[in-house]
A.B. asks: 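Just dropping this structure here.
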Amino acid sequence: MNFRLPRQDKFLFELPKVSKMAQRPYIVGNWKMHGTRAMLAEARAIDRAAERLIKVEVALAPPYTLIHATRKEAGLIGVGAQDCHPADGGAHTGDISAAMLKDAGAGFAIVGHSERRADHGEKDADVREKADAAISAGMNVIVCVGETEEQRDAGKAESVVAKQLKGSLPEGEGVAEKVTVAYEPVWAIGTGRTPTVEDISAMHVSIRNVLQKLYGEEAGAGVRILYGGSVKPDNAAELLSADEVGGALVGGASLTAESFLGIIIAAAGGEEG
Ligand code: PEP
């Protein structure tokens, strides 16, 4: 049998508390609609480096077509999908179910990304259905929320995000531990613009409050909240220093191992090991 023990696991056994490991910064690359098999070399390089960067939990969400190959080529990092269909199966030409993604090697699904909300008209209720489907299939979910520039300018950023969370997050016993939230201001995605650290902190504290109301104090405190939107190697340390930021969801800068590793190293505190 061709069984390979994930090399990072040996460190889990040496640490006093697994719950501490759960608090490692979580850095997730979203490749969006980029990548053919030629890009697997980047995934391999990221995976090799992750072996040394054990202070950080690293994952990639490649396009569907690369999930299986990425899982095979990159044995240490998490591999996930960028979306899933809410139904188990059926007459949905061109769609893909959570169970199929799990079977292909995905351990998590991103749901509610603002590009899906904008391009496919997905509403909060759709996002929740997808999150429920992914969890039922045995995956974790990263639920994305974020305000537009107009909403921020109108002083509504926190209320908009709170409404999205209440409408999109899956509910139920034990669900919180399967959930990560990604706060991604729409106006910061792919633009090179970012909120201030103070604004990120304020939003993340507000998201934490919603999570604790929804899931209870303890379970809500354990949900990681990622920041996403123009995270790069040179701003990652600053953005990750904001209150309640548990990692980053990274688009453009995750497409090469070089830039993605710059962010991962920043998340590790600037050092390997
Ligand atoms: C994203 O699409 O989730 C994202 C954060 O993109 P970028 O890092 O390119 O802004």
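Read the numbers this way: they start at 1 and go in the same order the structure lists the ligands and their atoms. These numbers come from a predicted model, not from an experiment.
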A.B. asks: Using heavy atoms and a 4.0 Å limit, tell me yes or no: is K32 in contact with ligand 1?
C.D. replies: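 K32: in contact with ligand 1 (<4.0 Å).
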A.B. asks: In the protein, what heavy atom is nearest to atom 3 (O) of ligand 1, and what distance, to one decimal place, separates them?
C.D. replies: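 Sorting protein heavy atoms by distance from atom 3 (O) of ligand 1 puts E184 OE2, 2.7 Å first.
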A.B. asks: Could you measure the distance from the CG atom of L60 to the CZ atom of R71? Nearest 0.5 Å is fine.
C.D. replies: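 The CG atom of L60 sits 9.5 Å away from the CZ atom of R71.
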A.B. asks: For the atom pair CD (E73) and CG (L66), what is the distance rounded to the nearest 0.5 Å?
C.D. replies: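 Nearest 0.5 Å value for the CD-CG distance: 10.0 Å.
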A.B. asks: Rounded to the nearest 0.5 Å, what separation is found between the NZ atom of K72 and the CG atom of L40?
C.D. replies: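 So the gap between those two atoms works out to 10.5 Å.
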A.B. asks: Check each atom of ligand 1 against the heavy atoms of A188 and keep those under 4.0 Å away; list them by number with element.
C.D. replies: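 In order of numbering, the contacting atoms are 10 (O).
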A.B. asks: Heavy atom to atom 7 (P) of ligand 1, shortest distance: which of C144, A248, G251, G146 holds it?
C.D. replies: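 It is G251 that holds the nearest heavy atom.
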A.B. asks: Looking only at protein heavy atoms, identify the closest one to atom 9 (O) of ligand 1 and say how far it is in Å.
C.D. replies: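 For this ligand atom, the closest protein heavy atom is G252 N, 2.8 Å.
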A.B. asks: Heavy-atom contact under 4.0 Å between G190 and ligand 1?
C.D. replies: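 Yes; G190 lies near enough to ligand 1 that a heavy-atom distance drops under 4.0 Å.
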A.B. asks: Does only the side chain of I189 get under 4.0 Å from ligand 1, or the backbone, or both, or neither? Count heavy atoms.
C.D. replies: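 I189 to ligand 1: contacts from backbone and side chain alike.
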A.B. asks: Atom OG1 in T180, atom CD in E57: separation rounded to 0.5 Å?
C.D. replies: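 Between atom OG1 of T180 and atom CD of E57 there are 8.0 Å.
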A.B. asks: What residue and heavy atom of the protein are closest to atom 1 (C) of ligand 1, and at what distance?
C.D. replies: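 Answer for atom 1 (C) of ligand 1: H113 NE2, 3.2 Å.
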A.B. asks: Can you sort out which atoms of ligand 1 are near S230, meaning under 4.0 Å from one of its heavy atoms?
C.D. replies: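 It comes down to these atoms of ligand 1: 7 (P), 8 (O), 10 (O).
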A.B. asks: State, to 0.1 Å, how close A236 and V231 come at their nearest heavy-atom pair, and which atoms those are.
C.D. replies: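 Heavy-atom minimum between the residues: CB-CG1, 4.0 Å.
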A.B. asks: Please name the pair of heavy atoms, one in L101 and one in Y64, separated by the smallest distance, quoted to 0.1 Å.
C.D. replies: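 Result for this residue pair: CD2-CD2, 3.5 Å.
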A.B. asks: Rounded to the nearest 0.5 Å, what separation is found between the CD1 atom of I67 and the CE atom of M100?
C.D. replies: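 Atom-to-atom, I67:CD1 and M100:CE are 12.5 Å apart.
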A.B. asks: Search all heavy atoms of A106 against all heavy atoms of A81 and return the closest pair with its distance.
C.D. replies: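 Closest pair (atom of A106, atom of A81, distance): CB-N, 4.1 Å.
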A.B. asks: For ligand 1 and T191, I'd like to know whether there is a polar contact (N/O to N/O, distance under 3.5 Å).
C.D. replies: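 No, since none of the N or O atoms of T191 sits under 3.5 Å from an N or O of ligand 1.
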A.B. asks: If the cut-off is 4.0 Å to any non-hydrogen atom of G229, which atoms of ligand 1 fall inside it?
C.D. replies: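 Result: 5 (C), 10 (O).
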